[in-house]
Each structure stands twice: as C-alpha cells, then as structure tokens.
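The block underneath contains the structure these notes are about, expressed in structure tokens.
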2 protein chains.
Amino acid sequence: MEPNGLSKADQAHQHVLEGITSGHYQPGDRLVLSTIANELGMSVVPVREAIRRLQTDDLVQFQRNVGATVTGIDPVEYRYTMETLALTEGYSTAQCAPLVTNETLEKARGINEQMRALVAQDFAPEKFTELNEQFHSALFEHHQNPHILDLVHRGWNRLAALRSSTFSFVPSRAISSVAEHEQLLTLIADGAEFSVIESAARNHRLNTLNAYLNHHAKSTTIDF
Amino acid sequence: MEPNGLSKADQAHQHVLEGITSGHYQPGDRLVLSTIANELGMSVVPVREAIRRLQTDDLVQFQRNVGATVTGIDPVEYRYTMETLALTEGYSTAQCAPLVTNETLEKARGINEQMRALVAQDFAPEKFTELNEQFHSALFEHHQNPHILDLVHRGWNRLAALRSSTFSFVPSRAISSVAEHEQLLTLIADGAEFSVIESAARNHRLNTLNAYLNHHAKSTTIDF
DNA sequence: TCTCCCGAAATCGTATACGATCTGTATGAG
DNA sequence: CTCATACAGATCGTATACGATTTCGGGAGA
C-alpha cells in the first residue's frame, strides 16, 4: 500500500553492497541466496536480482549452479581498478575544477590537514583512507558528466570491497599523498588548465598504485 | 542434463542486447517481460533478470511497476556517452599503441581507405559507422586493462542503441574523421608519446561530438 | 589402505501463481 | 461540455514450488 520508493530488490542490493563495502562480508565469503533472503525477511528472488546487479559491477563473482562469492583480493584486479579510477577520477577532477568554490576549497584543505595530522601522530590506515575519499569527494560536489561520476563511485566501491587500502601496506605513501593533495588544491585555486589538473589528479592515483606495486615486487606471496 | 553453458537468463540477455544494437528494438520501444518470454519460450524470470542487467548498462530505462523501454535518443545522454567514450577510448588507444604490429596497422589503414572511398562515392551512414567501429577495434586487438576495454565496449553498445550515428546528421564530419584516423595511425606508427596519442584519440571522438552539438545548436549551449 | 562410484545435502535455475500498481477509459456529477 | 472518479486491463513484484546441478562424504571392491 505504501510504495516506499524502494523495492525489495533494491533493499537487498543496498544491504549487500553495504555489507561488502563495510567489510561485514569479507572477500571470498560466500553469498548464499536463501541465507540473505531470510536475513532480510524476503524470498530469494529479489536477492538473486541484487546479486546479479553486483556482479556487473564486479563486486561479486558468480559461478553457475554454485553461487556467489565476494570478489577477492587479486593484485592484478587491484591494478586494473586503480588504473581505471585514475582515468575517471582524473578527468572528473579536471572537469569540476572550474566550478569549485572557495568554500569547497577550504573544506578540502581542512580534510587534508586532518590527514596530515593523522600521519604525524597516530596513523590509522582505515581512517586515512576514509578521509582520502572525503577529500576527493568534496571536489566533485558540483555537476558534471554523471556517467563518469558513476564510474568513479564504482571504482571506490570496488576498492572498498577489496579492502586493499594501499596505506596499510605502504604507510610512507601517505606522506606523499598529502603533499600531492595540497599541490592539487593549488592548481585548482589558480585556475590551471584542464590538462594540467587532469594529469596531476591522474598521476596522484597512479603514484599510489605504483607504491603498492613496488612494495609487492619483492614479497611474492600476498595473503591477508 | 544441459551443460549448455548458457543459462536462459544469458540467452535472454544476449537476445535483447542483440535486438537493441541491431535496431530491431527501436529507442522508446517497450520491452514487455511476458512478450519476450513467450518469444523465447521461457518464463518471465530470466527475462526480468536480463532486462535489469541491461539497465545497469543504461541500455534500457526502467520504471517501477510500469516496465522497461529502450533508452531513447536524448542529446544530453548522447553527450555524456560520447564524452565517456572519448575518455576511455582515448586512453585505451594510447595504451595499446606500443603493442600494435605493422600488420595491424596495415589492416586499420585498409579499413580507413574503405571509409574514404565510401565518403567519396555513395555515402551510407550505417556502413560508415560500422567501419568506424572496426577501425578502432583493430587498434585494441592486444591485451590491456580489461576494465577499461569493457567500458569502451559499453560505450559502443550504447551508441549503437541510441542509433545516433552523428554521420547521419553531419555528413561533413565523415571527411574530417577519415583524416583524423590517418593522423592517428601516423602517430602510432611513429611511436609517439602516450599523452600525444591519448590526446589525439580523445579529441577525435570529441570532435565528432562537437560536430553533432554545433549542428543541433538550438538547445542549450554546451561548452568544453 | 586406496580408489572409484553412488547417493544425499546444499544450492541454484526456472516455472507458476497471485497480489500490487499503474494506465487508460468510461461514467456520472457539476 | 469538463472534470473527477471508479473500474478494468495490462504489467510488474514477489512468494512458493520443484527440477537441475554441484559438492562432498561414505561404502564397496580391488
């Protein structure tokens, strides 16, 4: 009688997505339809639909007649994801740059200062990663191509799912990251050219990726 | 006893996707679950799943309790799609460039010559668009980031769905397009830098978009 | 003891059924 | 004649049911 505005399939999608990004569902965990259906008090049909939707976002892997598992940590996949994110995020940042207000700029600076403080004293990778996302998110507040924005969000979700915060593995990267953020803000404030900002934002992300790759060039086995 | 390897949901997905890209389903057409289910000799459940998958690719629009329609030609959506494609295709082209063999290069040249001939004599927009896709596809033959490659393919599917071949509206664009192709091939053959190739490939696509936008300069002005 | 095969449990895939919601049309009041 | 309302048809959303497939463990035979 009351159309909540969100169908059960949507609820399920939201629930599982939340579960994956929050870490409640760990990489490799099985996602059994009937179990989730019971948890949410619905039948398996909407759950199934939700899982399939997550599959197209590469957040879960599906094997026919077997079931779904949360996409695991694969260094190769991590690389692909980060590279794609560098591409989309870099473009988005450049595109939004002219629309960023001073107010927003100040807000981003504040977040970056928090990150700097975090590095200095009591370094916590998860908190740092969260602030990192907030920082970049602030620069996207204004309208742009929603398709590309969507791709950025998918990338973030995927990273969250991978639980592969580079800062956990390569803490030293955090220092450079903060510095690059400041550099990026300066470029935006000065109204730098599109290509300059895009390049800076893209390389910022690629540098993080490279820090990870270099770090793992030696330790062959990766286990969590 | 049917390790067909192809579930009914997959069949339905393939069928509808094919129907959209081939033009059998026109933009704006309604996609009624039960109808399609009957056509394929299955129940509505797999069809429903297929439609939802197509929805996440923005190939169909879905309204709750109403149904799905093939995504129509919306100049704004066209702009978003082309811009995203410029971004992903440009990067892909640059990334694959060092791996392109002389053989492939020749093949691409051949396709481009076909396009040139087509412009000169009996111009057919659909055929031209098809060759255009073949041309770019040839440059992607070698491995690269599959995520980004997937995004390129999604973009192509979407364009096919929109049936919005710019060349139908702005035939003059075809001439420039062929010239830009040749330029791009030269850059690749000469082993130009990543950023140069990316920029060329991206602008190639953006130029096509701008040709369309200028031609339809009745709506809001969109600047880059 | 080891290997192979069979059967049960778990889980997915799909069909069918039915209630919920939307859309369009007809009807009646003003 | 116009507009609001009610009803009917179409279509979707979800639950339930059942067949299909995989996985895994245990027993028979070598």
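Values reported hereafter were calculated over all heavy atoms of this structure, with side chains retained and with hydrogens, waters and symmetry mates removed. Letters go in sequence order (proteins before strands), and every chain restarts at 1.
- Between its two ends, the helix from C:dT1-D:dA30 to C:dG30-D:dC1 turns its axis by 10°, counting five pairs per end and rounding to 10 degrees.
- Candidate nucleotides D:dT14, D:dC12, C:dT11 were compared by shortest atom distance to the side chain of A:S7, and D:dT14 ranks first.
- Ion pairing between a basic and an acidic side chain is recognised when a charged N comes within 4.0 Å of a carboxylate O; A:R205 and A:E180 show no such pairing.
- One interatomic measurement links the two molecules: CD of A:Q63 to C1' of D:dT21, which rounds to 12 Å at whole-angstrom precision.
- For A:F194, the ring-ring contact (aromatic ring centres under 6.0 Å, His included) criterion is met by A:Y91, not counting sequence neighbours.
- The distance from atom CG of A:N65 to atom P of D:dT22 is 5 Å, rounded to the nearest whole Å.
- Listed nucleotides C:dT23, D:dT11, D:dA15 differ in distance to B:R30; the shortest reach to its side chain belongs to D:dT11.
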Please table the atom pairs, donor to acceptor, closer than 3.5 Å between any side-chain atom in residues 148-157 of chain A and protein atoms at least two apart or in another chain.
residue : atom : partner : partner atom : Å
A:D150  : OD2  : A:R154  : NE           : 3.1
A:D150  : OD2  : A:R154  : NH2          : 3.2
A:H153  : ND1  : A:L149  : O            : 3.4
A:R154  : NH1  : A:D57   : OD1          : 3.1
A:R154  : NH2  : B:T56   : O            : 3.3
A:W156  : NE1  : A:E89   : OE2          : 3.0

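- Rounded to an integer number of Å, the gap from CZ of A:R64 to P of C:dT11 is 19 Å.
- Residues from residues 38-54 of chain A that place a heavy atom under 4.0 Å from any atom of DNA chain C, listed by number: A:R48.
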Donor-acceptor pairs under 3.5 angstrom involving side-chain atoms of residues 28-35 of chain A: please list them, not counting sequence neighbours.
residue : atom : partner : partner atom : Å
A:D29   : OD2  : A:Q26   : N            : 2.9
A:R30   : NH2  : A:V66   : O            : 2.8

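- Checked against C:dG13, C:dT23, D:dT23, the side chain of A:V66 finds its nearest nucleotide in D:dT23.
- Computed from coordinates, the B:D10 CG to C:dG13 C1' distance equals 11 Å when rounded to whole Å.
- A heavy-atom distance below 4.5 Å is found between the side chains of B:E198 and A:L87.
- With sequence neighbours excluded, no residue satisfies salt bridge (Lys or Arg N to Asp or Glu O under 4.0 Å) with B:E39.
- Straight-line distance from the CG atom of A:L33 to the P atom of D:dT16: 16 Å, rounded to whole Å.
- The pair B:E49-B:K8 does not meet the salt-bridge criterion, since no charged nitrogen lies less than 4.0 angstrom from a carboxylate oxygen.
- Side-chain atoms of A:T71 come within 3.5 Å of backbone atoms of A:V60 as a donor-acceptor pair (strictly under, hydrogens ignored).
- B:E83 and A:Q95 form a side-chain donor-acceptor contact under 3.5 Å, judged by distance and modelled atom types alone.
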